[in-house]
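What follows is a set of notes on a single structure, which appears directly below.
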Amino acid sequence: MSTSADSGDHYDLVCVGGGNAAGYLAKTLVDLDWAEGKKVAIVSGEPVAPYERPALSKAFLHPPGAKVRARLPGFHTSVGGGGDRQTPEWYDEHKIDLMLSTMAVSLDAGAGKLTVQGAGQSERAISFDKLVLATGAKALTPADIKTENPDLGNVFTIREEAEALEMVQTLEANQDNFKDIIIVGGGYIGMETAAAFSGWGFNVTMAFPEKHLMQRLFPESVAEVFENYFSAKGIKLMKESMVTGLVPSESDNSAVGGVKLKSGDVVNADAVIFGVGSRVDTSLAESAVKLGEGRTGGYAVDDSMRTSNDKIYAIGDVAALNGKSRYEHVDFCRKSAAQAATAIAEGRDMPKMDYLPYFYSRLFEYTETPLIFQFYGDSSTDGASIEVFGNVDAAMETSGNDKVPGFGAAWVDASTQTVRGLMYCNGTPEQYDTAKNAVLTSAKFSPTMLD
Ligand code: NDP
């Protein structure tokens, strides 16, 4: 049942979505003293305050006994960006109304009204002067990709803390019973979960359709280094293997017992983790604001993160900068949140946001020999060649217990020989800085540029 908003339900600003972007929005509003004396609400479907989501596929999954195992409240926003740990008490202290386990059900943009519903409660209307859309993305589930028997037990996706916690608790409870874990997908989630769970002592197999790991970014020779290292750690790689179904266990037909591949082969599994991509959901406001062009998806925003409706902003994964580019990464989440909060707090148009795409991954961090990479810039290969440089030959020779020496790959513009994108593995902070600057200044490529 809907109730109409009374004056007590009116907010200067409502943020829909309580992920990391919402946390950084709140941080900047507080830093700029704007939240003081204003009514601000964050409407979050999750039951916990915003947190640094990247931890979920990294330190959250470290093996039992590891020095670091990230758990809330340890990684609430904005510890990753060097700010306060924004626990629920922090929001109370700053008088930000954190509506947890609450969904935004519908939006009437013209009237400035939002209908929200808390778990087990009736719908109610709240009104706003400004709305920020920060609904992020959801992991694609086995059902989303039309996998047979999608609802079997011990099958997991990781996007929210509750999902990661359920997975970790299940694996902890079954450390002596479970032997085989299959990871479906060869991208970020696939690589990070495989690296983590190999340290738990499980037999880990990755199944993915591409010819090599992280095909959307890595050139083949870089992937080979990672694949050698993964194999040395005992992780089995099933390349060119599309998972089409889940198979029930013989002893318990409500739980998974294996995965079925397109070839018809069945591979045994006690638990299966899907890292097969994510999808942004624009259902709440798609009739209220313009969407990103073509296949970009998300809500089109300008440099102030303002949508086509000047009361409504979008930040994080769901924001399509200038209608053209979405960046599913924590770096853009933080920067776009700060950009929107500053535009709102200072009531001005922000200068052009020259966003430099940045991605990183950190694997095997619970060991003495982690494998880390950072990428800056443009990874498209149109009119570019990819040059691999540094200690790549030595990196290929390392066993799972040796430190992989630094090496990189540059995306070099074919006509100007300048660097459009740079990736470096196991570098020093200075080397990553140099890599970033080389891309920012369109430096000429040289294989010794990071020496
Ligand atoms: P990715 O897009 O990185 O990788 C998805 C992988 O799943 C690809 O290898 C894809 O192959 C494969 N795949 C799809 N369908 C099947 C199938 N039926 N059987 C086997 N493999 C299949 O997505 P992730 O799930 O890894 O990550 C989701 C998002 O989370 C990313 O976009 C990223 O933004 C974010 N993330 C980022 C991290 C970081 O930056 N370090 C860490 C964790 C998450 P194909 O491409 O051929 O379909």
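Side-chain atoms are counted along with the backbone in the values below, which use heavy atoms only and exclude waters and symmetry mates. Owing to the predicted nature of the structure, the values given are computational and were not obtained by experimental measurement. Counting starts at 1 for both ligands and their atoms, following the listed order.
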Exercise. Would you say I312 and Y299 make side-chain contact, with heavy atoms under 4.5 Å?
Worked result: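 The answer is no; the side chains never approach within 4.5 Å.
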
Exercise. Can you find a heavy atom in the side chain of M305 that is under 4.5 Å from one in the side chain of L321?
Worked result: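 SC-SC contact between M305 and L321 confirmed.
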
Please work out which of the three classes, parallel, tilted or perpendicular, describes the rings of [Y] and [X], given edges at 30° and 60°.
X    : Y    : value
F218 : F226 : tilted
Y360 : H329 : perpendicular
Y424 : Y432 : perpendicular
W200 : F202 : parallel

Nearest protein heavy atom with distance in Å, relative to [atom]:
atom                    : result
atom 20 (C) of ligand 1 : V184 CG1, 3.3 Å
atom 36 (N) of ligand 1 : Y188 CB, 3.9 Å
atom 11 (O) of ligand 1 : E210 OE2, 2.9 Å
atom 22 (C) of ligand 1 : P209 CD, 3.4 Å
atom 12 (C) of ligand 1 : G185 CA, 3.7 Å
atom 17 (C) of ligand 1 : M242 SD, 3.3 Å
atom 5 (C) of ligand 1  : G275 O, 3.3 Å

Exercise. Hey, does Y360 sit under 4.0 Å from ligand 1 if you only count heavy atoms?
Worked result: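 Contact check Y360 vs ligand 1: positive.
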
Exercise. Contact between F208 and ligand 1, counting heavy atoms under 4.0 Å?
Worked result: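 Yes.
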
Heavy atom to [atom], shortest distance: which of [options] holds it?
atom                    : options                : result
atom 44 (C) of ligand 1 : I189, V330, T147       : I189
atom 14 (C) of ligand 1 : D331, I273, V276       : V276
atom 28 (C) of ligand 1 : G187, S278, A137, S361 : S278
atom 31 (C) of ligand 1 : K58, R362, R216, H329  : R216
atom 30 (O) of ligand 1 : K262, R159, E328       : R159

Does [X] have more than 12 heavy atoms from other residues, nucleotides or ligands lying within 6.0 Å of its [atom1]?
X    : atom1 : answer
M103 : CE    : no
R279 : CZ    : no
E220 : CD    : no

Would you say [X] and ligand 1 have an N/O pair spaced under 3.5 Å apart?
X    : value
S57  : no
G277 : yes
G186 : yes
V243 : yes
S241 : no

If you measure from each non-hydrogen atom of [X] to ligand 1, which part falls under 4.0 Å: side chain, backbone, both or neither?
X    : answer
E192 : side chain
A207 : backbone
T244 : neither

For this session: Compute whether any side-chain donor of one residue and acceptor of the other, for Y51 and E160, lie under 3.5 angstrom apart.
Result: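 E160 and Y51 do not have a side-chain donor-acceptor pair below 3.5 Å.
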
Problem set entry | S380 versus D378, side-chain donor and acceptor atoms under 3.5 Å |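 S380 and D378 do have a side-chain donor-acceptor pair below 3.5 Å.
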
For this session: For I145, take its heavy atoms, then give the atoms of ligand 1 lying under 4.0 Å from any of them.
Result: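 Heavy-atom distances to I145 below 4.0 Å select 18 (N).
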
Exercise. How long is the span from the CZ atom in F445 to the OG1 atom in T418, to the nearest 0.5 Å?
Worked result: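 If we round to the nearest 0.5 Å, F445:CZ and T418:OG1 are 12.0 Å apart.
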
Problem set entry | Distance (rounded to the nearest 0.5 Å) between M167 CE and E172 CD |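 Reported value, rounded in 0.5 Å steps: 10.5 Å.
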
Exercise. Which of these passes side-chain hydrogen bond (donor to acceptor under 3.5 Å, both in side chains) with K239: E210, H212, E227?
Worked result: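 Single pass found, and it is E227.
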
